[in-house]
Each structure stands twice: as C-alpha cells, then as structure tokens.
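Comments concern the structure below.
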Amino acid sequence: MQETPLGFVAGIIIKRIDWAEHVFSLRVQAPLSAFPTPPYTAGQFSKLGALNDDNEWVRRAYSMVNKPCINGDNLELEFLVIEIPDGKLTPLLEHKHEGDDIIVGTLPAGFMTIDEVPDTTRDLWMLSTGTGIGPFLALLEETEQCQRFEHLVLVHAVRTKAELVYRDTIIEMMKTYQGKLRYVPIVSREAVSGALSGRIPQHIQDGTLEQAAHLKLSHQDSFLYLCGNPNMIHDTRDVLQQLGYKKHLRREAGQFSFENYW
Ligand SMILES: Cc1cc2nc3c(=O)[nH]c(=O)nc-3n(C[C@H](O)[C@H](O)[C@H](O)COP(=O)(O)OP(=O)(O)OC[C@H]3O[C@@H](n4cnc5c(N)ncnc54)[C@H](O)[C@@H]3O)c2cc1C
Ligand SMILES: NC(=O)c1ccc[n+]([C@@H]2O[C@H](COP(=O)([O-])OP(=O)(O)OC[C@H]3O[C@@H](n4cnc5c(N)ncnc54)[C@H](OP(=O)(O)O)[C@@H]3O)[C@@H](O)[C@H]2O)c1
C-alpha cells in the first residue's frame with residue numbers, strides 16, 4: 001500500500017451495512033493512539049480516503065454517525081455514505097467491504113456539537129437530508145448531555161423509503177428518551193405511510209412539521225441544526241429568516257446553525 005498521507009492513519013473496515021442501492025455505512029477501526037484525547041466530539045466529521053486507479057489518494061470529509069467508541073487500543077468510527085455516480089471517492093468506497101483497508105483522518109473537526117447549542121435552548125431541532133442525518137445520530141448517542149433539552153426533534157428527509165436509515169436505532173433511542181425524542185421522516189419521491197411527503201422548508205412554512213413533531217417552534221426555546229443538501233439549507237434558511245429566526249454566531253446568539261455537505 002502507498003504511504004499513508006500526513007493527517008491520516010491506516011484503518012480497517014470491520015462492518016458494512018447496505019441500506020439501499022448506493023447508500024451504505026462503513027464502520028472503521030483505527031489505532032486510538034493516532035487521534036487526539038478525546039478523539040472527537042459527537043457531531044464532528046473526519047475524513048476518509050482511498051487510492052484511485054492512478055495510485056493517488058482521494059480524500060473527502062465524512063461525519064461520524066457514532067460518538068467515540070473505544071475498543072481496547074482501537075477507535076471505532078462509523079460513517080454513512082451515498083455514492084455519487086460521477087464522484088471521485090464514493091465509487092471507490094462503494095467497492096469496500098469488511099476486512100478492506102481504508103485511511104481515516106486523525107484531526108476531526110466541526111462545530112455541530114451539543115456544546116455549541118446556546119444554554120437557553122429548551123428544544124433542539126435537527127433537520128437533515130440524506131446522509132446529513134449522520135452527525136445527529138452521534139449527538140443523540142450522548143444521552144446524558146442531551147438530558148439538558150426538554151425536547152429533541154430529529155427530521156430526516158430522503159427521496160425513498162429505503163433511505164430512511166438507522167430506523168431500528170432511532171426507535172431504540174426513542175424508548176431511551178421516553179418521549180423527549182420526536183422523529184419525523186419525510187419521503188419526497190414515493191408515498192409512505194407514517195412519513196410526511198414533500199420538503200423541509202415547505203413543512204416549516206405551513207406548520208406541518210410542528211404538527212408532526214407535536215411541538216411548536218419558538219424564537220425563545222428552539223434551536224435548529226440543519227445538515228445535508230446545500231439547497232435544502234438555503235431554502236430552509238430563507239423560511240426561517242422570514243419567520244424571524246437568526247443564524248447563530250458565537251458573538252451574537254441566534255436560533256439556527258448548519259453544515260453544508262457540498
Ligand atoms: C463537513 C462535511 C461532512 C460530510 N459528511 C458526509 C457524510 O457523512 N456522508 C456523505 O455521504 N457525504 C458527506 N460529505 C460529502 C463528502 O465529503 C463528499 O463530498 C461526497 O461523498 C462526494 O464525494 P465524491 O468524491 O464521490 O464526489 P466528488 O467528486 O467530490 O463530487 C462530485 C460532485 O457531487 C456533488 N456532491 C457531493 N456530495 C454530494 C451529496 N452527498 N449529494 C449530492 N451531491 C453531492 C458536489 O456538487 C460535487 O461537486 C460531507 C461533506 C462535508 C463538507
Ligand atoms: N437518492 C437516490 O436514490 C440516489 C441514487 C443514486 C445516486 N444518488 C446520488 O446521490 C446524491 C444525493 O442523493 P440524496 O438522495 O441523498 O440527496 P438529495 O438530492 O439531497 O435528496 C434528499 C432529500 O432532500 C430534498 N431536497 C432536495 N433539494 C431540496 C431543497 N432545495 N429544499 C428542501 N429539500 C430538498 C429531496 O427532495 P426532492 O426529492 O424533492 O428533490 C430529498 O427529499 C444525488 O445527487 C445523486 O447524485 C442518489
């Protein structure tokens with residue numbers, strides 16, 4: 001294998017889950033000693049890399065779906081990936097299986113963490129499209145830290161039912177949170193019972209998201225994290241701003257913050 005680039009460590013894929021055609025999770029094991037202490041904070045992202053046909057490393061950012069999981073001398077990091085047909089890295093990842101090598105970035109980063117949510121927040125709304133649900137699943141694994149919120153709302157918007165990933169995990173989390181956690185699936189390209197159809201911004205505008213979550217959005221009590229498709233983030237930001245919500249800045253508290261995936 002080619003020498004591992006600076007800021008990366010060689011890992012091994014210990015589990016692969018195929019959710020739908022082109023949508024899969026990779027659980028990677030890598031030496032804990034290569035990462036900072038603590039290795040990362042739930043909600044952050046790192047990088048994955050693989051060699052292309054020209055023997056060059058291709059590297060991209062991916063969010064961890066799990067909070068740090070230490071197993072002996074190793075760290076286990078799980079990633080949710082969608083294959084972009086003309087992409088440079090994801091078609092290489094699509095061909096990776098259990099036991100295969102992969103390189104992982106050793107400097108996780110990102111501000112979509114529980115600590116960054118203002119202290120005054122009572123209800124945390126997590127709005128995602130596609131693989132953007134990943135960091136929210138990691139946040140929700142931090143059950144103790146999440147107890148500070150009165151309500152947690154996880155919104156997952158996808159094209160097809162098969163892409164409503166980690167449903168069993170979410171159902172288990174809902175049991176753990178005993179009513180605190182609300183899950184709102186949205187499927188845009190087929191009719192699915194128990195899920196909203198359409199798109200996130202429209203459902204905020206007409207109140208159907210609040211209805212489905214059995215919770216009111218409020219300037220005083222709510223904070224919203226948005227993650228995934230930049231067009232969703234753009235359109236949702238417009239609607240939120242029309243409703244009087246402000247982007248959160250460290251120097252000036254607001255009610256929403258986001259992470260664009262491309
Ligand atoms: C902070 C951060 C976290 C990320 N976390 C994840 C993650 O957890 N899971 C994940 O699958 N991706 C994630 N991404 C996107 C990821 O980094 C890659 O961009 C993506 O996997 C495509 O890589 P590629 O090399 O196959 O395509 P590229 O060759 O890089 O890109 C092809 C083009 O596809 C478009 N594109 C990129 N990503 C997507 C997408 N998801 N859907 C539609 N179009 C896209 C862009 O316009 C891009 O120019 C994240 C990105 C950022 C910035
Ligand atoms: N999902 C698949 O079946 C599939 C299969 C093969 C390859 N891919 C590749 O993977 C990429 C990512 O697919 P994806 O399904 O994760 O991503 P996506 O295109 O981001 O769709 C996820 C959800 O976001 C919604 N959305 C898109 N634009 C929006 C906006 N402006 N405002 C609000 N919501 C918006 C979509 O609704 P709409 O349906 O209304 O757009 C869909 O419900 C695609 O671009 C494609 O290259 C996807």
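As the structure lists them, so they are numbered: ligands from 1, and atoms in each ligand from 1. Atoms considered below: every heavy atom in the structure, side chains included; atoms not considered: hydrogens, waters and symmetry mates.
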>> I need the atoms of ligand 2 closer than 4.0 Å to a non-hydrogen atom of Asn229, numbered in the order shown.
In response: 18 (P), 19 (O), 20 (O), 27 (C), 28 (N)
> Are Glu76 and Lys67 close enough for a salt bridge, meaning some N to O gap below 4.0 Å?
Replying inline: no
> Among protein heavy atoms, which sits nearest to atom 45 (C) of ligand 1, and what does the distance come to when rounded to 0.1 Å?
Replying inline: Trp262 CD2, 3.4 Å
>> Nearest 0.5 Å, please: how far is CD1 in Ile204 from CG in Leu240?
In response: 4.5 Å
> Should we say atom CG of Asp53 is surrounded by more than 12 heavy atoms from elsewhere, each under 6.0 Å from it?
Replying inline: no
> Which atoms of ligand 2 are found less than 4.0 Å from any heavy atom of Asp235?
Replying inline: 30 (C), 31 (N), 32 (N)
> Would you say Trp262 has any N or O atom under 3.5 Å from an N or O of ligand 2, going by distance alone?
Replying inline: no
> Counting only non-hydrogen atoms of the protein, does one fall under 4.0 Å from atom 49 (O) of ligand 1?
Replying inline: no
>> Tell me whether Phe79 reaches ligand 1 (any heavy atom closer than 4.0 angstrom to a ligand atom).
In response: no
> Closest non-hydrogen protein atom to atom 27 (O) of ligand 1, residue and atom name please, with distance?
Replying inline: Gly87 CA, 3.3 Å
> Can you say whether the rings of Phe79 and Tyr62 are parallel (under 30°), tilted (30 to 60°) or perpendicular (over 60°)?
Replying inline: perpendicular
>> Please state which option from His203, Arg199, His234 has its nearest heavy atom closest to atom 34 (N) of ligand 2.
In response: Arg199
>> Is it the case that ligand 2 has an N or O less than 3.5 angstrom from some N or O of Arg159?
In response: yes
>> Among all protein heavy atoms in this structure, tell me which lies nearest to atom 51 (C) of ligand 1, with the distance rounded to 0.1 Å.
In response: Tyr261 O, 3.1 Å
>> I want to confirm something. Looking only at heavy atoms, which of Ile200, Ile233, Ile82 is nearest to atom 12 (C) of ligand 2?
In response: Ile82
> Counting heavy atoms only, which of Glu83, Gln202, Glu163 is nearest atom 8 (N) of ligand 2?
Replying inline: Glu83
> Where does His22 meet ligand 2, judged by heavy-atom distances below 4.0 Å: at the side chain, the backbone, both, or neither?
Replying inline: side chain
> Measuring from the heavy atoms of Val65, does anything fall under 4.0 Å of ligand 1?
Replying inline: no
>> Protein heavy atoms near atom 53 (C) of ligand 1, is at least one of them under 4.0 angstrom away?
In response: yes
> When only distance counts, is Val158 in polar contact with ligand 2, meaning an N/O pair under 3.5 Å?
Replying inline: yes
> What are the atoms of ligand 1, with element, lying closer than 4.0 Å to any heavy atom of Val81?
Replying inline: 11 (O)
